[in-house]
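In this chain, numbering begins with 1 at the start of the sequence shown. All figures in this text were calculated on a predicted structure; none of them were measured in a lab.
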Amino acid sequence: MEKFTFQGNINLPVEQIDLYDWLINITENDYKSFSKAHRALGLTKIDGGKA
C-alpha cells in the first residue's frame, strides 16, 4: 500500500476540531465532494456507538 500525505491550514482553534466526530458523521455526498479520487468510504459501528 502506498503512503500519501497532505498538509494544509485550517483556520480554527484546535479545540474546535473533532476528527472522530467528522469521520463518523460525514455524509456520502460530502465525502464525494472532498475526494474526487476515492470511490468508497466504509465505517462499521460496534456496541456503544463507537466506530
Rounded to the nearest 0.5 Å, the CG atom of L19 sits from the CD1 atom of I24 at a distance of 12.0 Å
Check whether any side-chain heavy atom of D21 sits under 4.5 Å from a side-chain heavy atom of L23, and report yes or no. no
Please check if the number of heavy atoms outside I17 that lie under 6.0 Å from its CD1 is greater than 12. yes
If you round to the nearest 0.5 Å, how far is CG of N25 from CG of D30? 10.5 Å
